[in-house]
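Some notes on the structure that comes next.
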Amino acid sequence: MNHFLDIHTTDPDALRAMIDQARAMKQARADRPKGAPDDDQPLAGRMVALIFEKPSTRTRVSFDVGVRQMGGQTMVLSGADMQLGHGETIADTARVLSRYVDMIMMRTFEEATVQEMAECASVPVINGLTNRTHPCQIMADVMTYEEHRGPIRGKKVVWSGDGNNVCASFLHGAGQFGFDLTFTGPQTLDPEREFVEFARSKGVSVEIERDPAKAVRDADLVVTDTWVSMHDSQSARERRHNQLRPYQVNDDLMALAKPDALFMHCLPAHRDEEVTSKVMDGPHSVVFDEAENRLHAQKAVMRWCLGV
Ligand code: CP
Ligand code: NVA
C-alpha cells in the first residue's frame, strides 16, 4: 500500500512508471470502440472515498470517472457535510473510513490534514490539493508535456505569477523529473524556499527572475495559475492583481519563448487576468489535453497506491 501525498516524497522511478502506465492506459482506451468498457478492471470490487473541503471540477470528475473506468465505485463527500466538519478528529475519521473504503482521496486546506489522514488510515490516501501542494496536477502536466514534445528532462519550464501550491509541486517535479524551472513573479509571492531548495538539491537549475521578458527566453513550457487561490483571502485580491498584472501570459510574452513552446494552466483560468484568451485558445496552449490527462495520470496513481 502506498500513499500519494507529494511529488518529492514519491520515488522518482515510481513517478516515471506511473506516467508510462498512464500513457499506455490512455492509448488502450483510444484504441477501443467508443463506449466499450476497458478489459482491465483493476479496481473491481473497490470503493474509493473522494472528500472535498474546497470546490473542484476537474479533480472531482476525473477521479470519479477514473475509478469507474477501472471497475471500482466512488462516493463523493463534502467535508462540511461530514462529522469532520463538526468537530470529529481527522484521526478518528481516517480510522472509520478505513473500515468502509479501500482508498481515500482528499482535497483540503492544511497540508497537516492530509498527512494525518494518511498516518491514521489503514488504506492509501491521495492528496487532491492542499494550500501548499497539488501533486496530481503535476503528474498530468508532465504527461502532457511529454505527449507533445518528448522527454521533459533538461527542458526549461517558466512559471509566471504567484508562487502557489501548483508552483510548489512544479518545483518538486523539477527535482524528480529533471527539468529546470525559472520563477518570475513579485518577491512577495515567491515560492517557499523549501520547494526551491528541494529542486536544487536534485541538481536542476531554479532561477528567480523578476523580469518576465527575461525569464521566458528559451522557455520550452510557460505555466501560470490564478492570481488568487482558494485559500487566499479575498481581501488581498486587489493587491495581488496589481502586483501580478505584469506577469500576465499574453502573446507578447509567449513570443519571447521558444517558437514551439507550450502553454499550460491547471485551470480554472480567469481569462484575461493571468492569461489572455488569445493564449488560452492559441497554438501554444495544451490546457484541455492537460485537463484530460488528469484522468489518465490519476488512474495510474490509484493503481500504484493499491498495488494493482
Ligand atoms: N486543476 C484542478 O485541480 O481543478 P479543479 O479545482 O477543478 O479540481
Ligand atoms: N492555485 C489554485 C489551484 C486550483 C486548482 C488554488 O489553490 O485555488
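When a ligand or atom number is given, it counts from 1 through the structure's own listing order. What you see is a predicted model, and the numbers here were worked out from it, not measured in a lab.
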- Message: So for K54, does at least one of its heavy atoms come nearer than 4.0 angstrom to any atom of ligand 1?
- Response: no
Where the side chain of [X] meets the backbone of [Y], is there a donor-acceptor pair that is under 3.5 Å apart?
{"X": "Q248", "Y": "E273", "result": "yes"}
{"X": "D220", "Y": "K156", "result": "yes"}
{"X": "D272", "Y": "S277", "result": "yes"}
{"X": "R58", "Y": "Q137", "result": "no"}
{"X": "Q243", "Y": "P186", "result": "no"}

Starting from [atom], what is the nearest protein heavy atom, named by residue and atom, and what distance separates them?
{"atom": "atom 7 (O) of ligand 1", "result": "T57 N, 2.7 Å"}
{"atom": "atom 6 (O) of ligand 1", "result": "R107 NH1, 2.8 Å"}
{"atom": "atom 4 (O) of ligand 1", "result": "R58 NE, 2.8 Å"}
{"atom": "atom 2 (C) of ligand 1", "result": "R294 NH1, 3.2 Å"}
{"atom": "atom 8 (O) of ligand 2", "result": "M230 N, 2.8 Å"}

Using distance alone, determine whether [X] and ligand 1 share an N or O pair under 3.5 Å.
{"X": "C266", "answer": "yes"}
{"X": "R60", "answer": "no"}
{"X": "L267", "answer": "yes"}

Distance only, no hydrogens: is a donor on one side chain within 3.5 Å (strictly under) of an acceptor on the other, for [X] and [Y]?
{"X": "D289", "Y": "T144", "result": "no"}
{"X": "E292", "Y": "H296", "result": "yes"}
{"X": "E274", "Y": "T224", "result": "no"}

- For T226, is at least one N or O under 3.5 Å away from an N or O on ligand 2? no
- Item | Interfacing atoms of ligand 2 (cut-off 4.0 Å, heavy-atom, N165) | 1 (N), 2 (C), 6 (C), 7 (O)
- Pull out every atom of ligand 2 sitting under 4.0 Å from any heavy atom of N164, numbered as shown with elements. 1 (N)
- Query: Out of L267, D225, V228, T133, whose heavy atom is nearest to atom 1 (N) of ligand 2?
  - Reply: D225
- Item | Candidates K299, R29, R303, Q69 - the one meeting side-chain hydrogen bond (donor to acceptor under 3.5 Å, both in side chains) with D40 | R303
